[in-house]
Amino acid sequence: HVQLVESGGGSVQAGGSLRLSCVVSGVSISRYCMGWLHEAPGKEREGVAATYTDGNTWYDDPVKGRFTITQDNTKNTVYLQMNSLKPEDTAMYYCAADIACDGSWLGSIWGQGTQVTVS
């Protein structure tokens with residue numbers, strides 16, 4: 001079965017850093033667009049960062065310059081380096097794999113999520 005397992009979340013003070021990891025099994029991430037999305041209480045799930053099979057990357061405006069998404073195809077793992085964290089970054093963060101690569105994430109495969117709390 002296809003599985004995405006996120007890790008690396010936790011509680012940090014404002015200005016701190018975290019590195020999230022997403023280990024994927026069952027599919028090769030080189031054939032998928034990979035992304036990180038988050039969901040905060042009272043808010044809809046929204047994209048944070050993504051990598052695409054054409055080599056492009058995308059970031060939501062609030063995290064530009066602070067977050068970096070990278071991918072290691074050998075380890076079948078995606079990372080999100082989160083620096084200069086702010087309280088508004090507090091959310092559950094999900095890893096997603098999408099074969100359509102259309103930016104909607106409607107048909108994506110999801111992980112279980114990892115909680116990030118910034119105070």
Side-chain angles (χ1 to χ4, degrees):
H1 293 162
V2 178
Q3 293 184 2
L4 287 73
V5 180
E6 300 100 329
S7 63
S11 297
V12 299
Q13 296 182 9
S17 298
L18 289 171
R19 190 192 194 202
L20 307 184
S21 298
C22 173
V23 179
V24 181
S25 60
V27 296
S28 296
I29 62 172
S30 62
R31 300 196 297 268
Y32 287 77
C33 294
M34 303 299 303
W36 289 94
L37 299 86
H38 69 185
E39 184 175 356
K43 304 290 185 180
E44 65 182 19
R45 189 176 298 183
E46 63 180 358
V48 176
T51 62
Y52 298 93
T53 55
D54 63 2
N56 287 330
T57 58
W58 172 89
Y59 298 92
D60 196 21
D61 282 342
V63 309
K64 288 180 179 177
R66 299 189 297 121
F67 292 7
T68 304
I69 185 169
T70 57
Q71 183 171 322
D72 186 335
N73 291 339
T74 300
K75 296 181 178 180
N76 224 38
T77 301
V78 182
Y79 305 93
L80 185 67
Q81 180 66 46
M82 309 166 68
N83 297 328
S84 301
L85 283 162
K86 303 175 180 180
E88 52 262 44
D89 297 319
T90 296
M92 183 72 75
Y93 283 73
Y94 298 90
C95 180
D98 194 284
I99 195 68
C101 297
D102 61 2
S104 73
W105 304 101
L106 292 175
S108 63
I109 304 167
W110 301 89
Q112 82 290 340
T114 185
Q115 177 68 38
V116 172
T117 302
V118 185
S119 61

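Nothing here was measured: the structure is a model prediction, and the numbers come from that model. Atom set for the values below is all heavy atoms of this structure, side chains included, hydrogens, waters and symmetry mates excluded.
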Passes side-chain contact (heavy atoms from CB on, under 4.5 Å), Val27 versus Ile99? Steps please.
-> CA-CA 11 Å; Val27 296; Ile99 195 68; over 6 Å; no
Indicate if Met82 and Tyr79 have the same hydrophobic cluster label, given that clusters are the connected sets of ILVMFWY residues with side-chain heavy-atom separations under 4.5 angstrom.
-> no
Are Phe67 and Val118 grouped together when hydrophobic residues (ILVMFWY) are joined by side-chain heavy atoms under 4.5 angstrom apart?
-> yes
Identify the heavy atoms of [X] and [Y] that sit nearest to each other, and give their distance.
{"X": "Tyr52", "Y": "Cys33", "result": "CD2-SG, 3.2 Å"}
{"X": "Ser30", "Y": "Thr53", "result": "O-CG2, 3.6 Å"}
{"X": "Ser108", "Y": "Asp98", "result": "N-OD2, 3.4 Å"}
{"X": "Ser84", "Y": "Ser17", "result": "N-OG, 4.3 Å"}

[X] side chain to [Y] backbone, donor-acceptor under 3.5 Å:
{"X": "Asp102", "Y": "Ser104", "answer": "yes"}
{"X": "Tyr32", "Y": "Ala96", "answer": "no"}
{"X": "Thr114", "Y": "Tyr93", "answer": "no"}

Any side-chain heavy-atom pair of [X] and [Y] under 4.5 Å:
{"X": "Trp36", "Y": "Val78", "answer": "yes"}
{"X": "Thr90", "Y": "Gln115", "answer": "yes"}
{"X": "Val24", "Y": "Met34", "answer": "yes"}
{"X": "Thr70", "Y": "Gln81", "answer": "no"}

If you measure from [atom1] on [X] to [atom2] on [Y], what distance do you get to the nearest 0.5 Å?
{"X": "His38", "Y": "Arg45", "atom1": "NE2", "atom2": "CZ", "answer": "11.0 Å"}
{"X": "Glu6", "Y": "Gln112", "atom1": "CD", "atom2": "CD", "answer": "4.5 Å"}
{"X": "Trp58", "Y": "Lys64", "atom1": "CH2", "atom2": "NZ", "answer": "8.0 Å"}
{"X": "Tyr94", "Y": "Leu20", "atom1": "OH", "atom2": "CG", "answer": "13.0 Å"}
{"X": "Arg19", "Y": "Thr68", "atom1": "CZ", "atom2": "OG1", "answer": "10.5 Å"}
{"X": "Met92", "Y": "Thr117", "atom1": "CE", "atom2": "OG1", "answer": "8.5 Å"}

Candidate pair Tyr59 and Ile69, rule side-chain contact (heavy atoms from CB on, under 4.5 Å), full reasoning = CA-CA 9 Å; Tyr59 298 92; Ile69 185 169; 3.5 Å; yes
Tell me, with the steps shown, if Trp110 and Leu37 meet side-chain contact (heavy atoms from CB on, under 4.5 Å).
-> CA-CA 10 Å; Trp110 301 89; Leu37 299 86; 3.5 Å; yes
Worked verdict on Lys86 versus Asp89 for salt bridge (charged side-chain N to carboxylate O under 4.0 Å, His left out) | CA-CA 5 Å; Lys86 303 175 180 180; Asp89 297 319; over 6 Å; no
Taking everything shown except Glu88 itself, do over 12 heavy atoms lie less than 6.0 Å from its CD?
->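 More than 12 within 6.0 Å, yes.
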Given the rule in the side-chain contact (heavy atoms from CB on, under 4.5 Å) test, do Asn73 and Ile29 qualify, once you have shown the distances and angles that lead to the verdict?
-> CA-CA 7 Å; Asn73 291 339; Ile29 62 172; 3.5 Å; yes
